[in-house]
Asker: 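Structure in structure tokens, see below.
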Protein chains: 2
Amino acid sequence: MKISTKGRYGLRALVDMAANAEGKPISLTSVAKRQNISLNYLEQVFGTLRKAGIVISTKGSSGGYLLKYEAKDISVRQILEALEGAFSIVDLNPMEMQDPLQQAIQTLLWDEIDEKVNTLLETRTLEQLVDEYKQTKDQGNQMFYI
Amino acid sequence: MKISTKGRYGLRALVDMAANAEGKPISLTSVAKRQNISLNYLEQVFGTLRKAGIVISTKGSSGGYLLKYEAKDISVRQILEALEGAFSIVDLNPMEMQDPLQQAIQTLLWDEIDEKVNTLLETRTLEQLVDEYKQTKDQGNQMFYI
DNA sequence: AGAAAACATATCAGATAAGTAGGATATAAG
DNA sequence: CTTATATCCTACTTATCTGATATGTTTTCT
């Protein structure tokens, strides 16, 4: 019941991208360096993000990736759904679904969890993460200027 | 990011047990039949539940399992924690934890999800599930008596 | 022309999940 | 006192997923 590294790394890389954006495409090489993630692995992740319509790419020298929409219009749910599939706390096998007892558990537990989590993921945007990141980063740097 | 069959089957089996309780121990054989779960697998699951202090067992003929406490005093969280470990939506590797960006994501996302889910699991009791089950089961049976 | 980037597959080792198998031990019932 | 019915215990198996790594091909700016 965990979010895998694919989702975590992808999300982190996107925040990094958005935080370091200046209009021009950002290379995965630079993201990989800053975030200490294998370039090869990041390429796979961004392939998925591109196919999901979250980023756009330009090939060739001085190419790279850009967000397809503004950070405030990209929800965390979109991102994680692209990388991990839609969130659902359980994955029932056919036999379980027929069980009448299962219905009770589904209603009181799984459905409620799914709803709460999905609502939160839907609410949180990439922009919020970027803002929070910049803020905490600045706090960290302040100590050098006191 | 799923609850595994161990947790799902265990929870279902416990609700079944509680719903069919009459004071005397209930054998896993009967639970396995009603719930269509492999007896061998259930035995492993109930071994864990016993060690976690959720059920007590009596061996031998006409032996079986009983809830250690009343159903209203057993939270779903206790059960799932015994079978799956404490709920936490992510499991970070050491490198990630040091990342400053990670902190932002942790605060705005993972911590909030963990808190919401754990609160729900803590609130829901075995008794609630049993009640819901009995109710929906009765509704299903009513059609035969109209 | 050459460097730097995305893009595309294939491969691989390790971990985990989901069960199976086979017996050992305990105890109530007949 | 024997037999059936339980729990209890541990090892094994099989399949799938994860987290990469490796090796190139294609594209485009300089």
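So you know, we letter chains A, B, ... as the sequences are listed, proteins then strands, and number each from 1. Quick caveat: nothing in here was measured; it's all calculated off a predicted structure.
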Asker: Within the 4.0 Å heavy-atom criterion, would you say A/Tyr65 contacts the bases, only the backbone, or no part of the nucleic acid?
Answerer: sugar-phosphate

Asker: Looking at A/Asp16, A/Val45, A/Ile3, A/Leu129, which hits side chain to side chain contact (heavy atoms under 4.5 Å, CB included) with A/Leu11?
Answerer: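 Looking at A/Asp16, A/Val45, A/Ile3, A/Leu129, the match for A/Leu11 under the side chain to side chain contact (heavy atoms under 4.5 Å, CB included) is A/Leu129.
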
Asker: With respect to the side chain of A/Asn40, which nucleotide from D/dT23, C/dC7, C/dA4 is positioned closest?
Answerer: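 That would be D/dT23.
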
Asker: Spell out, yes or no, whether A/Leu28 and B/Met95 are grouped together once hydrophobic residues are joined by side-chain heavy atoms under 4.5 Å, including indirect joins.
Answerer: no

Asker: Applying a 4.0 Å non-hydrogen cut-off, can you work out what B/Gly47 is touching in the nucleic acid: base, sugar-phosphate, or nothing?
Answerer: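 B/Gly47: no heavy atom of the nucleic acid under 4.0 Å.
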
Asker: Applying a strict under-4.5 Å side-chain criterion to I, L, V, M, F, W and Y, I'd like to know whether A/Tyr9 and A/Leu39 cluster together.
Answerer: yes

Asker: Please state whether the phosphate of C/dA17, meaning OP1 or OP2, lies under 4.0 angstrom from any side-chain nitrogen or oxygen of B/Arg8.
Answerer: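 For B/Arg8, the contact criterion (side-chain N or O under 4.0 Å from OP1 or OP2 of C/dA17) is not met.
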
Asker: Given C/dG19, C/dC7, D/dT21, which nucleotide is nearest the side-chain atoms of A/Ser38?
Answerer: D/dT21

Asker: Roughly how many Å is it from CG in B/Leu83 to P in C/dT16, rounded to a whole number?
Answerer: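 Interatomic distance, CG of B/Leu83 to P of C/dT16: 17 Å.
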
Asker: Take the protein atom CG of B/Leu39 and the nucleotide atom P of C/dG23, then report the distance between them rounded to whole Å.
Answerer: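 About 16 Å, once rounded to whole Å.
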
Asker: Quickly work out the B/Lys51 NZ to D/dT10 C1' distance and round it to whole Å.
Answerer: 10 Å

Asker: Rounded to whole angstrom units, what separation is found between the CD1 atom of B/Ile37 and the C1' atom of C/dG19?
Answerer: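 Those two atoms, CD1 and C1', are 13 Å apart.
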
Asker: Could you please name the option among D/dA11, D/dC8, C/dA18 that lies closest to any side-chain atom of B/Gln44?
Answerer: D/dA11

Asker: The side chain of A/Ser62 is closest to which nucleotide in this list: D/dT30, D/dC9, C/dA28?
Answerer: D/dT30

Asker: Taking 4.0 Å as the cut-off, does a side-chain nitrogen or oxygen of B/Ser4 come that near to OP1 or OP2 on C/dA18?
Answerer: yes

Asker: With the side chain of A/Ser61 defined as its heavy atoms from C-beta on, choose the nearest nucleotide among D/dC29, D/dG19, D/dA4.
Answerer: D/dC29

Asker: Under 4.0 Å: is that the gap between some side-chain N or O of A/Arg50 and OP1 or OP2 of C/dC7?
Answerer: yes

Asker: Whole angstroms only, please: what is the NZ-C1' distance between B/Lys59 and C/dT25?
Answerer: 4 Å

Asker: Does A/Thr58 make a side-chain N or O approach to OP1 or OP2 of C/dA6 shorter than 4.0 Å?
Answerer: no

Asker: Between B/Thr5 and C/dG19, does any side-chain N or O lie under 4.0 Å from OP1 or OP2?
Answerer: yes

Asker: Scan A/Asp99, A/Asp111, A/Asp114 and name whichever one has a side-chain hydrogen bond (donor to acceptor under 3.5 Å, both in side chains) with A/Gln106.
Answerer: A/Asp111

Asker: Can you tell me the distance, in whole Å, between the NZ atom of B/Lys2 and the C1' atom of D/dT16?
Answerer: 15 Å

Asker: Donor-acceptor check, side chain of B/Gln78 to backbone of B/Ile54, threshold 3.5 angstrom: yes or no?
Answerer: no

Asker: Rounded to whole angstroms, how far apart are CG on A/Leu49 and P on C/dA8?
Answerer: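 Distance, rounded to whole Å: 14 Å.
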
Asker: Grab the CD-C1' distance between B/Glu43 and C/dG23 for me, whole Å please.
Answerer: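 Atom-to-atom, B/Glu43 to C/dG23, this comes out as 11 Å.
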
